Amino acid sequence: MDTVTAPEQPAPDAAAPRLKLHIPPHHPAPGEAPDFSYVPRFPAGAVERPDIGVPARATHPFAYQLIRVLDDDGEAVGDWNPHIDPETLRRGLRAMMLTRAYDDRMFRQQRQGKITFYMKCTGEEAIGVGQAFALAPDDMAFPYYRQQGLLIARGWPLLDMMCQCYSNACDRLKGRQLPVLYSVREASFFSLAGNLGCQFPHAVGWAMASAYKGDRRIAVSWIGEGSTAEPDFHHALTFAAVYRAPVVLNVVNNQWAISSHQEIAGGDGTTFASRAIGYGLACLRVDGNDFLAVYGATQWAAARARANHGATMIELFTYRAAPHSTSDDPSRYRPAEEAQSWPYGDPIERLSRHLIRLGEWSPERQTQLASELADEVRETAREAERYGTMETGPHFSAKTMFEDVFKEMPWHLRRQRQEMGM
Amino acid sequence: MDTVTAPEQPAPDAAAPRLKLHIPPHHPAPGEAPDFSYVPRFPAGAVERPDIGVPARATHPFAYQLIRVLDDDGEAVGDWNPHIDPETLRRGLRAMMLTRAYDDRMFRQQRQGKITFYMKCTGEEAIGVGQAFALAPDDMAFPYYRQQGLLIARGWPLLDMMCQCYSNACDRLKGRQLPVLYSVREASFFSLAGNLGCQFPHAVGWAMASAYKGDRRIAVSWIGEGSTAEPDFHHALTFAAVYRAPVVLNVVNNQWAISSHQEIAGGDGTTFASRAIGYGLACLRVDGNDFLAVYGATQWAAARARANHGATMIELFTYRAAPHSTSDDPSRYRPAEEAQSWPYGDPIERLSRHLIRLGEWSPERQTQLASELADEVRETAREAERYGTMETGPHFSAKTMFEDVFKEMPWHLRRQRQEMGM
Amino acid sequence: MPAMTMVQALNSALEVMLARDPGVVIFGEDVGFYGGVFRVTEGLQQKHGQERVFDTPIAEGGMLGVAVGMGAYGLRPVVEIQFADYIYPATDQLISAAARLRYRSGGEFWAPITVRAPCGGGIFGGQTHSQSVEAIFTHVCGLKTVIPSNPYDAKGLLISAIEDDDPVVFFEPKRLYHGPFDGHPERPAVPWSAHKQAEVPEGYFAVPLGRAAVVREGAAVTVLVYGTMVHVALAAAEEAGIDAEIVDLRTLLPLDIDTIVDSVKKTGRCVIAHEATRTCGFGAELAALVQEHCFYHLEAPIVRVTGWDTPYPHALEWDYFPGPARVADGLRRALEG
Amino acid sequence: MPAMTMVQALNSALEVMLARDPGVVIFGEDVGFYGGVFRVTEGLQQKHGQERVFDTPIAEGGMLGVAVGMGAYGLRPVVEIQFADYIYPATDQLISAAARLRYRSGGEFWAPITVRAPCGGGIFGGQTHSQSVEAIFTHVCGLKTVIPSNPYDAKGLLISAIEDDDPVVFFEPKRLYHGPFDGHPERPAVPWSAHKQAEVPEGYFAVPLGRAAVVREGAAVTVLVYGTMVHVALAAAEEAGIDAEIVDLRTLLPLDIDTIVDSVKKTGRCVIAHEATRTCGFGAELAALVQEHCFYHLEAPIVRVTGWDTPYPHALEWDYFPGPARVADGLRRALEG
Ligand SMILES: Cc1ncc(C[n+]2csc(CCOP(=O)(O)OP(=O)(O)O)c2C)c(N)n1
Ligand SMILES: Cc1ncc(C[n+]2csc(CCOP(=O)(O)OP(=O)(O)O)c2C)c(N)n1
Ligand SMILES: [Mg+2]
Ligand SMILES: [Mg+2]
């Protein structure tokens, strides 16, 4: 034996199958019937709630289940029921409805040319609102563009949010950002980016800093299921695991990334919650249209982080009922009836049904509140428009364009400002 | 109820624990005793071998076990035993020993200033060699710098490899690349990069192309456990899952990334094989110092890919016995005796013991072969040096520096070449 | 010949190459069933099948990573980055892998990849849907960079880019997708149909990389521009009544130095305009080259008219954009010297 | 005052800032227990604890990502990228997040981050351990870029960078870590101890960002350099016996334009030298600025002496490196005009 190579293998049998490239099919197409056969029907109340201190491994089976509290009759069942008082539930309902009313109004404002762009979170209100309710007001949020409900539920004035969308003279962001890319330090709401995913490691870094300082505030972040393919998702999970950062990492799986179904993001035959397993992180998978389940799961993950047991990843399973944005036309890529046939219903209807069942609410109050909120939003919009709209202005003056690039303006920017004649 | 915020929660109990930042401790330090208490002792032959067509989910328990074939007595046991004939085993042994002899010689050449840099794979020879034996010779390999055994076991001449290290007149890479960053298209061995991780998605893309063309060749890639934190690791797994690419993705967990222990890469309380779980990919975890286990697992994963069942991730559990590179000094960060106390032994000794036990080999032949190979390598090195060394040259002429930046040289490069006086 | 918009011309180039070369595959976010957020790949999946035109996960770096592997196999991947602003996650694969592969492998492997990305402002996209990032890539040896200004060039250059055996970054000025834009947002939008460069052959044709086009002859001053700024410069010259010679670079790298030098030697004056931020923008390289090659012909300092060194501000878009007034002012400065 | 090498001076700057500001944390690959592959963080973890100086996973983008979050909390992260060649995976976080945060948040959040990275060639590192990538970052609005050339500046500038409330990319010419290097590899290596700029105060001091230093006065020609090339330019001037004025830029952005303009107006000639590839290198911006500001004082074309537009070849390092002979030749060309 003086050779170092494997003996010649028989040439691959010509009968052996040829390789084939798998491309996830795009279905159902517009015109076809909605098909949610890929979504198992998980019963409410079936998942047990472990102690917040359990080893991460103990949570891994949850990656393939779905934590649900509200059953089909609007009954709150199971271990994950946070047992919230009716007054708080009504506030939550109101916040979700206000979010929806706000979205509807601003979407129309865009259609009327008063703003350039808008993004709704219709059908996903239980996420921003339910999580805001479960977190401490000063827990630092690193959201993406579909958590406006969080800002609303933290009591931030719609007027201020609208002025940002109008890019008017009262826009706290000085007309620099696309509508909905809010930043509100006072509400512990981090500056939204256009770049998908980048907030995820920011939350981990903030949480590491909070732990480094012996603080008690945790960080919370959100990412869309489509954006989990970005590097920042991997970075956030790796660093959160290595440094046991006190952070809650939410994946909002609303089934769509513009026109791409969650299969394209790698959701086929697995779940986004299960991405946490390999990093040794805790994970929960939650019915994102169930206010109580969202609240309960978030409360658990936040308490776990606060107790130095480390990070939890939560997959919030929901459906993007709205178009991706005002620039999008879903009728080109999905059946019109998909939203209505989403197996897990609508978060507002479901919480409302629950309150009614508790005898704490009524269809009448529901309708009345809806129109109250619509009026409130319309009024606020009128007021905001007094400070200007994108169409008419006034906007911040052009010379402010050169500010905040650096803390102090260097000579070349001063000179460019002069060049502009300011 | 006219508010949308959660009722004031009681301020976090002052007695509640403060957050604390966890930094993985660096231990044991030089001078301390080696401590492999974090490495469970898995028995050989304990893991069952499923059909290559099983759903990925069925392989996920393997992420927390260790596939081993050679037991402590050098007996080959269990389902994963590939039952290789003694002649092939001797060839494998020879290839591993040749790899080690080559490494030792080139490392010394660097110390003598004949080359600028070198990286050994000592203790990891079963990986490159065992996998080369289990794969088809034309399966496309996307390795990183520690798989020289693969090239050697594919029968590539040491002379050619040495000329690259010497950057001499016969260097097929024209003196452009750091030693060991080989590229050998004829051996289906992709150009090695200095940038960690980037080869991983290349393998997936190549595999997708092979499938697109209805080819039968699969792609195979390797990445270090430390490098799994890079984006390209995440990208490779995501794309491999979405498009069911015919690829085998190996993580070489040799416990160290220069001075950083695998905990820093996120290996604490989990395994690198388990990273595959969340993507819905198949995974295997293998004793990387066990030639038969490496061969058997690779054979399984390759057959699975070839049969259009998709990608498999293999964690090869081993120990980096060598310094990271000639620039490294492990005595600064780990106990000197760690290598000898690695629980899973040395791959060459273990295969040799197995052959001896089969009556197919002897200690004498072992010693004799070792010195034969040392001579062979020394001779080859002498020959290679006739074409020049890094120190003395000759190297490729300076004007070749401007070639291959583009297929055709644009004017600005021609002009720069003139400027240099060529 | 049919009149095409820039979107139709690009779509036609992709269509032609899919038909000619079975190695061409097209992928990116939303490019498959949907046809791309700017509709450039519309209908291509339906016609050529999902194995050739498909959606990818949202991972620009992953797209480039697999593209390099596909290229090594022998395919010709055409990757769409949804907005040039989102190309940063792909820079490592573009620079460390695609651009360096031929060199580091001694010519054994190469990366015949085309990366398409809409660039520039003019649609109120704000700072992450308006960037012009070409200068980052023109600094990278091993990459070619192309930016067309009209449908005819867009098709011919994209075909050349796809056929090229080196990686090409192909930026598409999104404000030109549906019509030429002279920098006057207040005026009604003009369709391409009226424009002579909108007459585009249905079939195969190539516009070679590395060749500029003189789009307006003149004796007073040379204007070096590309993409949207070609139209803005034309408007500025007309409005200022200046006899400017306007050069559409079309390919930034390799650059057509001869056309540039001939023009500047003739006019003795030079204005460079681009939408990208000024400092270390491509205009810096152009200024450096022009003074190196034409120093003794220059009668006045070379003037740069560019986007300001700030992010692209949403509401103040037209204060940021280097419109005709600013370019005309630059022309006057170049003439006064 | 003790003589320090560049490594010791950088280590001292980090030491000083760890002691002064509890918000300073240092992390990167192998920087903790080991003290960094170039030993710049040696002993810091042992002295200040692993919570303040620690190893990270091998993920440059992740390091920057968490650094932005830490900065938002109020810390001052100092990140080490093991080689500048490996900064590409971090470009998205550096550009899209760190550089833009203050602007996009209307000043509510900012990124007081320092990114350290060894740059340049001269150690036979080949194409992925030798790059000079500064021009990619000087093009990005919102980033500051610094490159010191000696121990004194290295310490003083690093302290300023860490104290700065904006993100600073701090490149360290690795060939200068242990001694000045005049570009003559054939000569015995010189230690820093002999060099006057190696006298570095033990304690706190700052060298302000944005100020260049005239390291050699002269009347015949201005040489604009930074990092390793400062020493090469000095050698070239001596060897060629040319009365060159040599300006060490120290900070590339914000640039000290006044010092540059004063010098060029005085000498009327200008040579720019850097190790980075030429096309769209920082020298392009310098050439553009110089001709904009000094056109009527220039008696000859501005000359660029740079690395070639190729990857940094391992064995041909000294054919690539713009050594004294090439710089001297550039000086002569500038004088002949
Ligand atoms: C880095 C980057 N790449 C691409 C885009 C373009 N883009 C904006 S939103 C979007 C889809 C995101 O989908 P998902 O993450 O699921 O969030 P969802 O919109 O569904 O809530 C894409 C591709 C971007 N903004 N940033
Ligand atoms: C992108 C990138 N970052 C950092 C480095 C520097 N570097 C070279 S090898 C190495 C350690 C790699 O460790 P691992 O992946 O475990 O492989 P091993 O050397 O242990 O086989 C590092 C950090 C690099 N080459 N590329
Ligand atoms: Mg989504
Ligand atoms: Mg390792």
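Please read all numbers here as calculations on a predicted model, not as lab measurements. Numbers restart at 1 for each chain; the letters A, B, ... are given by sequence-line order, proteins then strands.
- For the options C:Gly23, C:Pro254, C:Gly61, heavy-atom pairs under 4.5 Å to chain B are most numerous at C:Gly61.
- At a threshold of 4.5 Å between non-hydrogen side-chain atoms, the residues C:Leu253 and B:Phe406 count as touching.
- Interface residues of residues 240-249 of chain B toward chain C, defined by a heavy-atom distance below 4.5 Å and sorted by number: B:Val242, B:Tyr243.
- Contact annotation for residues 195-213 of chain B against chain C (heavy-atom separation below 4.5 Å, listed by residue number): B:Asn195, B:Cys198, B:Pro201, B:His202, B:Val204, B:Gly205, B:Trp206, B:Met208, B:Ala209, B:Ser210, B:Tyr212, B:Lys213.
- B:Leu173 and C:Gly106 get closest at one heavy-atom pair: CD2-N, 4.0 Å.
- If you measure heavy-atom distances from B:Met409 to chain C, you find no contacts under 4.5 Å at all.
- Residue B:Glu408 holds its CD atom at 8.5 Å from CG of C:Asp165, rounded to the nearest 0.5 Å.
- Between B:Arg172 and C:Glu108, the closest side-chain pair of non-hydrogen atoms falls below 4.5 Å.
- Within the 4.5 Å cutoff, the side chain of B:Met401 has heavy atoms near those of the C:Tyr103 side chain.
- Contact of B:Phe189 with chain C is made through the backbone alone, with heavy-atom distances under 4.5 Å.
- Proximity to chain C (any heavy atom under 4.5 Å) is shown, for B:Leu181, by neither the backbone nor the side chain.
- Judged by distance alone, with hydrogens and angles left aside, the side-chain atoms of C:Arg104 form a donor-acceptor pair with the main-chain N or O of B:Ser191 at under 3.5 Å.
- Residue contact with chain C, scored on non-hydrogen atoms closer than 4.5 Å, involves the side chain of B:Arg176 exclusively.
- Only the side chain of B:Lys174 comes within contact range of chain C, judged by heavy atoms closer than 4.5 Å.
- Between the side chain of B:Trp411 and the backbone N or O of C:Leu255 there is at least one donor-acceptor pair closer than 3.5 Å.
- Residues C:Gln93 and B:Asp232 meet the side-chain proximity criterion, which asks for heavy atoms closer than 4.5 Å.
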